[in-house]
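First comes the structure, then the notes that go with it.
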Amino acid sequence: MAYWLVKSEPSVYSWDQLVKEGSTCWSGIRNYAARLHLKNMKKGDGIFFYHSNEGMEIAGIAKVEREYFKDPTTDDERWVAVDIKAVRQLKKPVTLEQIKKNKQLSGMVLVNNSRLSVQPVSNKEWTSILKIAGEK
DNA sequence: GCCAACGTTGGC
DNA sequence: GCCAACGTTGGC
């Protein structure tokens, strides 16, 4: 199973909103690198939900509910979307600051390419972040 | 196919 | 609100 991280500005779509709705269609991605990751997502993969700009923290965990399909927000066949489902809120949100301070997470895409809105997370990174979040 | 100019993202 | 970093566009 693979792990991912998606970013959203809370003012546009927040973790709370995802929890309320249960699941949502992750669409509107218009970046080739991000699209590649969307296409690689498999059902059941874990997803960190990160708040950019405001909050700047990983708020919760979601999972891939439906693998990629044509993005409904455009007629262009080339863009894709996935459905994601809220799993649970982190005990303690993990802030960007904490991630930057942690040596094991210095290789994270979030740190090195802050603009990529859909990014892969390694098993190690996933575990480290859960630990920081107080999740064992 | 290169690269300058421009637009956007996101941390600060 | 500023600006650095990155991606995309378009002229050549």
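Only this structure's heavy atoms are used, side chains among them; waters, hydrogens and symmetry mates stay out.
Between the CG atom of A/N112 and the P atom of B/dG11 there is a distance of 13 Å, rounded to whole Å. The distance between atom CD of A/E97 and atom C1' of B/dG10, rounded to the nearest whole Å, is 16 Å. The separation between A/Y13 atom OH and B/dT9 atom P is 19 Å, rounded to whole Å. In this entry the distance linking CG of A/L116 with P of B/dG11 reads 12 Å, nearest Å. Between A/R115 atom CZ and B/dC12 atom P there is a gap of 15 Å when expressed in whole angstrom units. Whole-Å rounding puts the A/L36 CG to C/dG7 P distance at 13 Å. Between the CD1 atom of A/I58 and the P atom of B/dG10 there is a distance of 14 Å, given to the nearest Å. At whole-Å resolution of the value, CD1 in A/I99 and P in B/dC12 are 12 Å apart.
Aromatic pair A/W126/A/F48: ring centres closer than 6.0 Å. Residues A/W4 and A/F49 place their aromatic rings such that the two centres sit no closer than 6.0 Å.
Dashed line: the shortest gap from a side-chain N or O of A/Y50 to OP1 or OP2 of B/dG11 is under 4.0 Å. A/K7 has a side-chain polar atom (N or O) that falls below the 4.0 Å cut-off from OP1 or OP2 of B/dG10.
Of the candidates C/dT8, B/dC12, B/dG10, C/dT8 carries the atom nearest the A/N31 side chain, counting heavy atoms from C-beta on. Side-chain proximity of A/Y32 to the nucleotides C/dT8, B/dT9, B/dC12 is greatest for C/dT8.
Nucleic acid contact class of A/L96 (heavy atoms, under 4.0 Å, all strands): sugar-phosphate only.
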Worked verdict on A/S52 versus A/E9 for side-chain hydrogen bond (donor to acceptor under 3.5 Å, both in side chains) = CA-CA 5 Å; A/S52 62; A/E9 295 188 38; 4.9 Å; no
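Applying the ring-ring contact (aromatic ring centres under 6.0 Å, His included) rule to pairs touching residues 63-88 of chain A yields A/Y32-A/W79, sequence neighbours excluded.
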